[in-house]
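Following: one structure in structure tokens, then a few remarks.
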Amino acid sequence: MNLEEYFERIGFHGSFDKADLATLKLIHKQHVMSVPFENLSIHCGEKNVMDLEATFNKIVRRRRGGWCLENNFLFGWVLREIGYDTTSLGSRVFNSVLNDFGPLDSHFINKVVIDGKAYITDVSFGMSFQLWEPLELVSGMDQPQAAGVFRLLDQGDVWVLEKTSRKPNVLNPEFAKSSLVNRNETDQMYNFTLVPREAEHFFEINHKLQNEPSLFTNKSICSLQAPTGFRALIGWTYGEVTYKPDEGVDVLDIRNLMDDEIEQILLAKFNIKLQNKLQPLNNKSYFTF
């Protein structure tokens with residue numbers, strides 16, 4: 001494992017001599033533009049393991065993506081190797097069906113301190129909720145990014161991350177009323193404490209999420225950020241989303257694929273070539289573009 005291979009994977013050609021905010025922002029954005037958020041291994045008869053070398057081989061050498069327990073695990077290693085003051089944290093994702101945060105730390109994020117200021121990095125939430133740059137750990141401050149306005153709220157015992165979105169403009173009338181389209185103005189994403197967590201903290205949830213009923217066993221998911229928005233494949237449904245902040249909308253171009261189109265779309269749109277055959281899945285479970 002070495003930084004040079006990782007930087008080649010994400011297309012980063014700058015200097016990393018300084019562990020400063022400008023470099024952190026650039027690497028963060030390059031990662032989300034180059035490495036998909038995806039759980040395809042689960043639907044290919046493979047397993048996701050929380051082993052740093054295995055994760056490096058998968059994402060960097062095999063040029064795959066991963067979910068947060070892989071992407072943010074790897075990103076934390078990268079930040080430490082560069083020299084950033086980095087702490088891994090656990091977070092609990094908001095469940096819209098239960099209208100509450102989950103009971104377990106199912107999401108992995110990193111905190112970075114630069115010149116006395118703390119930032120939250122997260123390169124693996126995916127879809128329209130993906131941060132392109134770190135968020136300063138300040139309560140109540142609007143932090144606009146391409147996807148919308150993110151906001152961190154200090155609620156005493158926990159911090160909460162929420163996002164205010166634009167209105168969706170769905171081009172395909174077949175999906176005008178689809179549950180895959182998020183119509184909420186503001187969503188709570190997850191909450192977290194500042195208690196440092198090691199990889200071992202996530203071993204149990206890593207097993208549960210791919211072996212027991214969950215969003216990730218119910219749906220095959222792949223999303224990748226793009227300069228004007230993002231693209232995503234959920235089961236057999238492929239969509240390209242274009243952010244238009246000047247018009248106050250996000251344009252969603254969504255369509256269903258045939259089985260024989262899946263492999264081609266994964267290669268052409270996500271630069272993914274799977275070793276084993278994918279069994280697409282889109283069972284009922286709340287998840288949106």
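Numbers here simply count residues along the sequence, with the first being 1.
Residue pairs meeting the side chain to side chain donor-acceptor pair (under 3.5 Å) criterion with at least one member in residues 224-233, sequence neighbours excluded: Trp132-Gln225. For the side chain to side chain donor-acceptor pair (under 3.5 Å) condition, the pairs that include at least one residue of residues 139-149, sequence neighbours left out, are Asp142-Arg151.
Side-chain contact check for His28 and Asp122: no donor-acceptor pair (N or O, by modelled atom type) lies under 3.5 Å. In summary, the side chains of Ser106 and Lys208 do not present any donor paired with an acceptor at a separation below 3.5 Å, with no hydrogens or angles considered. Side-chain contact of Arg183 with Ser165: a donor-acceptor pair under 3.5 Å is absent, judged by distance alone. Between Asn182 and Asp187, the side chains place a donor N or O and an acceptor N or O closer than 3.5 Å (distance only, hydrogens not considered). Residues Asn169 and Lys244 have side chains that never bring a donor and an acceptor to within less than 3.5 angstrom of each other. With no hydrogens or angles considered, a side-chain donor-acceptor pair links Ser124 and Asn71 at under 3.5 Å.
The residues Lys269 and Glu240 are annotated as salt-bridged, a charged nitrogen and a carboxylate oxygen being separated by less than 4.0 angstrom.
Side-chain contacts under 4.5 Å among hydrophobic residues (ILVMFWY), followed directly or transitively, place Ile272 together with Leu40, Leu224, Leu233, Trp236, Tyr238, Leu257, Ile262, Ile265, Leu266, Phe270, Leu274, Leu278. In the hydrophobic clustering, Phe129 connects to Leu89, Val93, Ile109, Ile120, Phe125, Leu131, Leu135, Leu137, Phe150, Leu152, Trp159, Leu161, Met189, Tyr190, Phe192, Leu194, either directly or through intervening members, whenever side-chain heavy atoms lie under 4.5 Å apart. When hydrophobic residues (I, L, V, M, F, W, Y) are linked wherever their side-chain heavy atoms come within less than 4.5 Å, Leu281 remains an isolated member. As a member of the Ile/Leu/Val/Met/Phe/Trp/Tyr network built from side-chain separations under 4.5 Å, Val49 groups with nothing else and remains a singleton.
For His201, the side chain to side chain contact (heavy atoms under 4.5 Å, CB included) partners at least two apart in sequence or on another chain are Asp105, Arg197. The side chain to side chain contact (heavy atoms under 4.5 Å, CB included) test applied to Thr86 returns Leu79, Arg80, Tyr84, Asn110, Val112, not counting sequence neighbours. With sequence neighbours excluded, the residues that form a side chain to side chain contact (heavy atoms under 4.5 Å, CB included) with Leu215 are Lys219, Ile221, Ser285, Phe287. For Glu200, the side chain to side chain contact (heavy atoms under 4.5 Å, CB included) partners two or more places apart in sequence, or in a different chain, are Glu198, Phe203.
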Trace of the salt bridge (charged side-chain N to carboxylate O under 4.0 Å, His left out) decision for Glu8 with Arg63: CA-CA 11 Å; Glu8 188 278 329; Arg63 308 189 78 82; 3.3 Å; yes
Verdict with supporting geometry, Lys167 and Glu247, salt bridge (charged side-chain N to carboxylate O under 4.0 Å, His left out): CA-CA 10 Å; Lys167 293 181 179 179; Glu247 299 174 26; over 6 Å; no
Enumerate, atom names and distances included, each donor-acceptor pair closer than 3.5 Å involving a side-chain atom of residues 12-22, sequence neighbours excluded.
from, atom 1, to, atom 2, distance (Å)
Ser15, OG, Asp17, N, 3.2
Ser15, OG, Asp17, OD2, 3.3
Asp20, OD1, Thr23, N, 2.9
Asp20, OD1, Thr23, OG1, 2.7

Counting only pairs under 3.5 Å, give me each side-chain donor-acceptor contact of residues 95-102, with atom names and distances, residues two or more places apart or in other chains.
from, atom 1, to, atom 2, distance (Å)
Asn95, OD1, Val97, N, 2.9
Asn95, OD1, Leu98, N, 3.0

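Outside the 6.0 Å centre-distance limit, the rings of Phe37 and Trp67 are not counted as a close aromatic pair.
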